[in-house]
Structures are given as C-alpha cells and as structure tokens.
Amino acid sequence: MDKNQTQGDLACPPRMELEEIASKINDLDKWRSIFSSQGLEVSKAMIQTQENLKADEESEDKSETLSIKKHGYFPSNILYSIPKEFIVAADLGGQPISIEMAVELKKILFGNTFYTFNYEWKKSFFKFCNPFTNMAYSLEAEKTGTRAIQMAVQGHIIKYLLFTKNGDEHSSLQNLQELSQKQQEKALAAALADILWTAGERNKATICLITNDPYFTQGPDYKADNFTERLQLFEFVDKEILEKFLCAHIYCFKNDGCHGVILFLYSLLFSRTLLRLQDDLDITTTHLLQFSLGNFSARQALINLMLTGRASPQVFNGDQVSDEGNTEHQARHGVLVRSDVGFLHWSREEMQQDRLPRVGSMLKTPKFPIWLCNINGTYSVLFGTNMSLLCDWKMEHFFDLYFYNGQLSQSKTVHLTIDTHSHHWEEQSKADEGDIEKRFPSVEMTVRTKWDGAAINWHGTVPFY
C-alpha cells in the first residue's frame with residue numbers, strides 16, 4: 001500500500017468478492033470469520049496470508065508476488081499464464097469452445113458458473129519420477145484435490161506397462177522399472193487415451209488443448225478464467241489416431257505450467273459428453289467436484305467415470321431405487337460393468353461411525369489386478385503382476401501385491417505378501433498396545449475389504465500411511 005494512502009481511501013470489496021478470494025486459500029473458515037471486519041483489516045490479513053502462501057511456492061516468480069502485494073487478490077491471468085510452448089495454433093483444426101459449452105461445463109463440474117479452479121489445480125500436471133530408476137513408472141502426486149485424478153491415471157499407466165503393452169499375462173515388476181522418458185510419455189498417452197476412449201463408449205473421444213486467444217469474454221452468467229475460454233476441442237473416432245495425437249501433444253499434459261490435469265479433466269467430460277453426464281448422475285450428486293477446506297476434490301462420480309467410463313455416484317453394483325418412491329429419477333446409480341482398474345475404500349473414521357461404503361464386486365474384482373485405493377481420504381494404487389489372481393481362486397491363498405502412494409517420500413515400491421489362510425494378524429493386533437494405526441495399519445485394513453482376514457507381510461518395510 002502507498003504510504004500516502006489513508007484507510008479511508010481503501011474500499012472494502014463486496015462480500016461475494018471476498019468469498020471468491022477466500023476460496024483460493026486453504027483456511028476458508030478463518031476468512032469467513034474475518035468478513036465482518038473492516039476493509040483495511042481484511043486487506044492486510046489477505047495480503048499477509050497470500051505472502052505466506054507464496055513463500056511456500058517455489059515456482060512463483062518475484063513479479064507475481066509484487067502483484068499480489070499491490071492488488072491483494074489472485075489475478076488468474078497473471079498467476080496462471082501458460083507458457084507459449086503449451087499453446088497450440090488456432091488453425092490446428094479443433095472446434096472452438098462456445099460460451100454455452102463453457103457454462104454447461106462449469107455447471108457439471110462446480111454446480112455453478114462462477115467458481116474457477118484454484119492455484120493447486122492450475123499448477124497440477126502429470127509428472128513422472130526420474131527415468132531409468134526403479135520408480136520410473138510412478139507419477140508424483142501432491143496432497144491436493146487433483147491427487148485422485150493423478151492416481152487414477154497411475155493405475156492405467158501400470159495396466160499399460162504390465163499387461164497391454166506386450167500382452168503379457170505374467171508380468172514382473174521389471175516391466176515398470178528403468179523406463180526412458182520416451183517410454184514414460186508413451187505410457188501416459190496410452191493411459192489417457194484408454195480412459196477417454198472408455199468414457200466415449202469406445203467409439204469417440206475428445207482432446208482439449210489451449211490456443212492463444214479467448215473465443216468469448218465474461219458474461220453476466222459466466223465468470224471467465226482466461227483458460228476455459230481458449231479451449232479447442234479435437235474429436236476422434238479412431239482410438240489409434242487418438243493415441244497418436246496424444247503422443248504428439250503429450251507435452252501439454254506432463255510439463256510444469258501446462259495445466260495438464262485440468263486439460264485432461266475437460267477432455268474427459270467432453271469425451272463422455274455433457275448430456276450423458278447428466279444422465280449418469282443421480283439425486284445424491286449434481287456435480288463432479290466438491291468444495292471443502294478451500295480446495296476442490298473429486299466426488300465418487302468422477303472417480304467412477306475414470307474407472308468405468310460412467311459417472312455413477314455410487315460404488316455398489318447396479319442401480320438401486322430409494323425407499324422414498326419407485327420413480328426413475330429417485331434411482332441411485334451404481335456400477336454396471338467390471339472396470340479394468342478396480343477400487344477399494346477404507347476410512348478409519350467411517351469405520352468407527354459405521355458408515356463405511358460397501359464397494360461392489362464390479363469394482364472390487366476388476367479385469368486387471370490393479371486397484372485405486374481411497375484410504376482415509378487419500379488416494380494410492382495397489383497392484384499385482386499376475387492376471388491369474390482374478391480368475392483362479394487358488395491363486396488367492398498366497399500372493400504378492402505392490403503399493404504406491406504417490407508421494408516423493410516413497411523411494412521404492414512397497415512389496416506386500418498376502419496370506420488369506422492365516423489369521424494370526426488378529427491375535428497379534430490384540431496383543432499389541434499403543435497407536436491404533438500400528439495395531440491396524442490402514443493399508444492392511446484396505447486390503448482386507450477385498451480379502452477378509454488376510455495376514456500381510458511387509459517384508460521389512462515399516463507399515464505406513
């Protein structure tokens with residue numbers, strides 16, 4: 001603030017504007033309590049919080065920080081500008097997005113047309129660990145609302161590398177290791193193409209990329225974000241051509257500054273089509289993202305869309321009619337087909353409150369031995385290397401699984417051996433005292449939602465989550 005500027009010169013922003021600002025930082029409840037304060041006090045608090053946030057973000061440059069100090073808000077066109085190398089030519093052949101499409105897109109995502117993605121979402125992309133290492137197959141996922149999307153894509157990357165790349169039924173962990181950067185990019189393109197093609201009912205898919213100039217401006221019923229307005233949509237009716245196009249433009253999804261996760265999410269929704277998405281949802285879910293604690297996170301419908309191609313909000317098998325009536329609009333939509341990548345869910349809090357959702361067999365027993373896991377609200381991937389695990393019950397007596405939680409702190413893939421005939425874990429857990437997580441590790445409890453009573457050997461790794 002200018003030294004010569006007085007408190008009376010500062011205008012207090014309207015309440016709606018303050019709520020939008022507050023939605024871009026993590027502590028929403030704190031800001032709601034500040035709304036009743038005077039304009040100067042609000043501005044100072046916001047500036048200080050933003051400066052603290054910026055200090056934690058290594059990717060921010062000094063000019064952006066000075067802009068925040070000067071204006072006291074998050075100008076999306078300054079903070080989230082896209083490097084030129086990720087912008088495609090306007091004459092590449094795609095269909096420009098219209099304001100009508102953008103309005104419906106935001107409604108299906110946020111439930112309104114005035115929310116925009118926050119900083120954590122806009123900086124997220126699909127980043128591999130270093131090539132030519134034991135973790136070369138793995139994506140780095142931050143603890144933000146985008147993690148569910150990144151880990152769902154991780155499951156499909158593992159599927160490609162282990163089973164569909166070479167058609168192997170008996171793969172090994174070596175298939176995931178020592179990958180070159182080119183092999184990483186090919187795996188990511190294959191995974192994204194697979195998810196989009198399934199969402200398009202295996203006959204059509206759409207890729208969204210960014211051009212230099214917007215195709216429309218902000219209107220009375222739409223808040224511009226200087227990103228969505230610049231979309232071009234590329235439609236494909238041949239999966240091989242789709243995958244080649246993704247390979248050629250994979251840099252738009254895997255590099256810092258490219259907004260890769262949002263581009264993939266937009267591509268996913270347009271591949272499914274906005275009309276189909278409305279039919280997929282039910283009375284429990286009207287949009288795909290939920291806002292909590294200053295961030296957006298994926299609802300179960302979005303998770304199921306990435307796994308099954310249908311944005312069904314429930315995890316049980318089939319559709320169920322609620323007790324309130326026998327009308328079609330009151331049906332709750334579950335999973336209709338076995339997914340390629342499965343899903344397991346466990347939450348200590350939900351277990352203690354006896355409200356843990358029961359995942360149906362369509363998700364618990366996928367076509368490939370790979371499971372996206374929601375463990376205490378955080379997403380990770382559990383997988384095996386032997387396809388026989390899903391078709392030969394004898395293989396389920398004693399087998400190996402591998403676990404990856406998406407964090408840089410995990411320097412190697414965790415090896416677990418599952419024994420479904422031994423129940424000594426129950427006696428051991430009764431004998432242990434102290435931390436409940438040590439007695440009942442969350443990863444183990446997640447595995448037991450699929451293999452009840454299984455004993456789990458961590459092979460020297462200290463159980464964690």
Side-chain angles (χ1 to χ4, degrees), residues 76-77 80-110 113 115-117 121-122 125-126 149 188-189 191-219 221-255 258-280 287-289 302 305-306 309-311:
S76 60
N77 61 331
Y80 311 125
S81 59
I82 302 176
K84 291 183 179 180
E85 58 265 31
F86 306 137
I87 298 174
V88 300
D91 59 356
L92 190 59
Q95 173 192 358
I97 190 171
S98 66
I99 189 168
E100 292 80 12
M101 296 166 69
V103 165
E104 294 305 313
L105 177 66
K106 287 202 170 185
K107 284 181 179 179
I108 202 72
L109 274 174
F110 304 114
T113 60
Y115 276 145
T116 58
F117 283 109
W121 276 80
K122 291 185 177 183
F125 59 101
F126 298 102
I149 297 176
L188 177 58
L192 298 182
D194 204 35
I195 296 172
L196 299 178
W197 192 247
T198 302
E201 299 194 341
R202 301 186 183 280
N203 56 43
K204 189 179 293 185
T206 299
I207 301 295
C208 294
L209 297 177
I210 293 296
T211 56
N212 194 51
D213 298 316
Y215 294 105
F216 56 89
T217 57
Q218 184 163 310
D221 298 322
Y222 177 85
K223 180 179 178 180
D225 56 22
N226 196 31
F227 179 78
T228 307
E229 305 81 40
R230 298 158 60 188
L231 288 179
Q232 267 202 16
L233 283 63
F234 300 83
E235 190 173 279
F236 299 87
V237 295
D238 184 294
K239 187 181 180 183
E240 184 177 350
I241 297 176
L242 166 69
E243 192 169 328
K244 287 181 179 178
F245 184 86
L246 273 169
C247 282
H249 296 88
I250 200 65
Y251 58 89
C252 294
F253 298 89
K254 65 171 290 288
N255 289 296
C258 68
H259 295 48
V261 169
I262 299 178
L263 277 181
F264 168 68
L265 178 57
Y266 282 174
S267 301
L268 178 65
L269 302 192
F270 281 118
S271 293
R272 183 59 183 164
T273 77
L274 303 181
L275 287 177
R276 282 202 198 110
L277 286 169
Q278 291 288 358
D279 293 336
D280 291 344
H287 51 280
L288 299 174
L289 297 178
L302 179 53
L305 176 59
M306 292 184 288
R310 179 179 184 241

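Because the structure is a prediction, the values reported are computed rather than measured. The first residue of the sequence shown is numbered 1, and numbering continues consecutively from there.
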Any residue meeting side-chain contact (heavy atoms from CB on, under 4.5 Å) with D238, in chain and number order, not counting sequence neighbours: E240, I241
Ring centers of F227, F117 separated by less than 6.0 Å: no
Side-chain touch I262/W121, heavy atoms, less than 4.5 angstrom: yes
Inter- and intrachain pairs under ring pair (Phe, Tyr, Trp, His ring centres under 6.0 Å), touching residues 88-108, at least two apart: none
Pairing residues for Q278 by the side-chain contact (heavy atoms from CB on, under 4.5 Å) criterion, not counting sequence neighbours: I108
Tell me which donor-acceptor pairs under 3.5 Å the side chains of residues 91-103 have, and how far apart each pair is, sequence neighbours excluded?
unit_1 : atom_1 : unit_2 : atom_2 : d
S98    : OG     : E100   : OE1    : 3.4
S98    : OG     : M101   : N      : 3.2

Salt bridge (charged side-chain N to carboxylate O under 4.0 Å, His left out) partners for E104, two or more places apart: K107
Between OH on residue Y115 and CG on residue D225, distance to nearest 0.5 Å: 15.0 Å
For T198 against R202, the heavy-atom pair lying closest together: OG1-NH2, 3.5 Å
From NE2 (H287) to CG (L109), nearest 0.5 Å: 9.5 Å
With E85 via salt bridge (charged side-chain N to carboxylate O under 4.0 Å, His left out) - residues at least two apart: none
Heavy-atom check, side chain of T217 versus side chain of E229, under 4.5 Å: no
Which atom of F125 lies closest to which atom of G260, heavy atoms considered: CB-N, 4.1 Å
Contact check, side chains of L231 and I210, non-hydrogen atoms, under 4.5 Å: yes
Spacing of OG1 belonging to T116 relative to NZ belonging to K223, to within rounding of 0.5 Å: 4.5 Å
Which atom pairs, donor and acceptor, lie under 3.5 Å between side-chain atoms of residues 242-254 and protein residues at least two apart or in another chain?
unit_1 : atom_1 : unit_2 : atom_2 : d
E243   : OE2    : K186   : NZ     : 2.9
H249   : ND1    : F245   : O      : 3.0

Taking every non-hydrogen atom, the tightest pair across D194 and K239: OD1-NZ, 2.9 Å
Can I get a per-line list of side-chain donor-acceptor pairs under 3.5 Å for residues 264-274, giving both atom names and the distance, sequence neighbours left out?
unit_1 : atom_1 : unit_2 : atom_2 : d
Y266   : OH     : T228   : OG1    : 2.7
S267   : OG     : C208   : N      : 2.8
S267   : OG     : L263   : O      : 2.8
S271   : OG     : T206   : N      : 2.8
S271   : OG     : T206   : O      : 3.1
S271   : OG     : S267   : O      : 2.8
R272   : NE     : D280   : OD2    : 2.8
R272   : NE     : G309   : O      : 3.4
R272   : NH1    : A199   : O      : 3.3
R272   : NH1    : E201   : OE2    : 3.3
R272   : NH1    : G309   : O      : 3.3
R272   : NH2    : D280   : OD1    : 3.0
R272   : NH2    : D280   : OD2    : 3.3
T273   : OG1    : R276   : N      : 3.2

Listed partners of Q232 passing side-chain contact (heavy atoms from CB on, under 4.5 Å), at least two apart: A90, T211, Y215, F234
Residues forming a ring pair (Phe, Tyr, Trp, His ring centres under 6.0 Å) with W197, sequence neighbours excluded: none
Gap separating the CG atom of L275 from the CG atom of D279, nearest 0.5 angstrom: 7.5 Å
Residues in side-chain contact (heavy atoms from CB on, under 4.5 Å) contact with K204, at least two apart in sequence or another chain: E235, V237
